[in-house]
Amino acid sequence: MKKSSFFIGSLTALTTVSLLFSGCSSKQYFEPEQTFSASNAANSYGGTIVDLSRDGATLKSGKYIGKAGLSNIDLGEGYRFLSESPSYVLAGNAEGVLKIIDKSTGEAVRAVALHVPIVSASIKNGVIAYILNNNTFGIYQVEDNRKVLESRSERTFAIDTRAASPMFIDHLAVMPMLDGKLIIVNAKNTEDAKVVYLSSEKVFNNVVYLSRMGNTMVAATPKKLITLGNDGKKEYRANISEVTVSGGHVYLFTKEGEVIELDKTLQPLAHKKFKYAHFSASTAFDGKVYALDQQGSLIVLSSDLSKYKIYDLGEVDNPVFITGSKLYKDGRIIELSKLGYE
C-alpha cells in the first residue's frame, strides 16, 4: 500500500448523522444557571436503546432506529444494527456473523461467517465494506456471495467505542481503521489501495468519525481532526468528543466542554465553552447547533455560536441517537427543529 494525499472529487451531499454515548465519569458536572422545558417538542415511542453504531441504534425489542427513523424489522436475537441501504439491513453478532436482511421481506438473505465480531459495516449497490475488531477490513459482494478482499492492518490494543462506519465514494470504499488510518480501496480493483495517516497514538487511536462535506472528506480520531480535499490535508488537535458538519463548516465538541466552529481548512471561526459539560450527542442543521450533555442539558446554539439556549431533557439513562432532526432518548423522541436558541 502507498501513502497518498488523496484528492476527492464529485462528492454528493450526505446527511450527517451524529451520535455518541460514552460513559465519561467526572466528579464535576455541568450545571446551567437557567434551563427551559422541551415538552412541546417531545413524544413517546416506548423503545430502549441498548447498542449504537454510527448509522443507527439497536433497541431492546430487537428492532432498530436507522437514518429514516424507527424500523419494524427484527434483527434477531443477539444481533446489533450496523447499517442499511435502500434494499438491505446489516446486523452482526458476537460470533462474527454478518446478517444481510432484505428490507422488502424482513428476512435474512445471507448470514456470512466472518468469525470475528464486526465493529462497523456499510453497504452500497450490493457491495459491503466492513471492519472487524481485530483491525481486519474487507469487501463482500451480496449478489456473488463472496469476499472480494480481506486484509488485516496493524494490531491494536485498545480502541474508543465510537467507531466510524466505512464510506463509499463512487467505486471507492474508505475504511476507517482502528489504528488511526484511512484505507481507501477501489471495490472494482482491490489491488490498488491507498493509505491516509491520521494519527500514530498507540492506544485509543481508531477513527471515530468519517463524513464528507462537498469535495472535502472529514475524519477524526479521539485526538485529531483532519480534512482532505482540494486544499490538501489539514489537521486540528483536540480532545474530541464529537464532530458534525453543516453549512460548509465543521463543528467540534471537546471533552473540556468546548464547541468550536471551523472552516473546511480547520481554521477556527468561533468558540464557546460550557464548563464541565460532557457531550453525549450532537448535530447541526438549518442554522442551529445541538449538543446534549450527559446530565440531560440540551444546548441549542446559533450557527456562529453567538447565541444559545439550554433545555432540560432529564438525565441520560441509556444511549441516545440523533438522526435528521430527531433525538431518540430514553423512550422519547425530541423534535429538535422545534427548539430554538432565543
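Since this is a predicted model, take the numbers as computed values, not measurements.
The backbone N or O of V97 lies less than 3.5 Å from a partner atom in the side chain of N93, making a donor-acceptor pair. No donor-acceptor pair closer than 3.5 Å links the side chain of R162 to the backbone N or O of T221. Remark: the backbone N or O of A108 is not paired with any side-chain donor or acceptor of K99 at under 3.5 angstrom.
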Donor-acceptor pairs are to be reported for all side-chain atoms of residues 265-275 against protein atoms at under 3.5 Å, with residues two or more places apart or in another chain.
from: T265; atom 1: OG1; to: D263; atom 2: OD1; distance (Å): 2.7
from: T265; atom 1: OG1; to: D263; atom 2: OD2; distance (Å): 3.4
from: H271; atom 1: NE2; to: E258; atom 2: OE2; distance (Å): 3.0

Per-pair distances, 0.1 Å, donor-acceptor, side chain in residues 119-126, under 3.5 Å, sequence neighbours excluded:
from: S120; atom 1: OG; to: A164; atom 2: O; distance (Å): 3.1
from: S122; atom 1: OG; to: P166; atom 2: O; distance (Å): 2.6

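By the salt bridge (Lys or Arg N to Asp or Glu O under 4.0 Å) test, D144 pairs with R146, sequence neighbours left out.
Within the 4.5 Å cutoff, no side-chain heavy atoms of L292 are placed close to those of F279. Counting heavy atoms from C-beta outward, Y140 and N145 have side chains that approach closer than 4.5 Å. Looking at heavy atoms from C-beta onward, V245 lies in side-chain contact with Y209 at the 4.5 angstrom threshold. Contact of the H115 side chain with the L132 side chain is not registered, since no non-hydrogen atoms from C-beta on lie closer than 4.5 Å. Using a 4.5 Å cut-off on side-chain heavy atoms (C-beta onward), F36 and V300 make no contact. In this structure, I226 and K234 have side chains that are not in contact, with every pair of non-hydrogen atoms separated by 4.5 Å or more.
The two residues D304 and E261 have their closest heavy-atom pair at CA-OE1, 3.6 Å.
Note on D192 versus K194: salt bridge recorded, some NZ/NE/NH1/NH2 to OD/OE distance being below 4.0 Å. Under the 4.0 Å criterion applied to side-chain N and carboxylate O atoms, K103 and E84 are assigned as salt-bridge partners.
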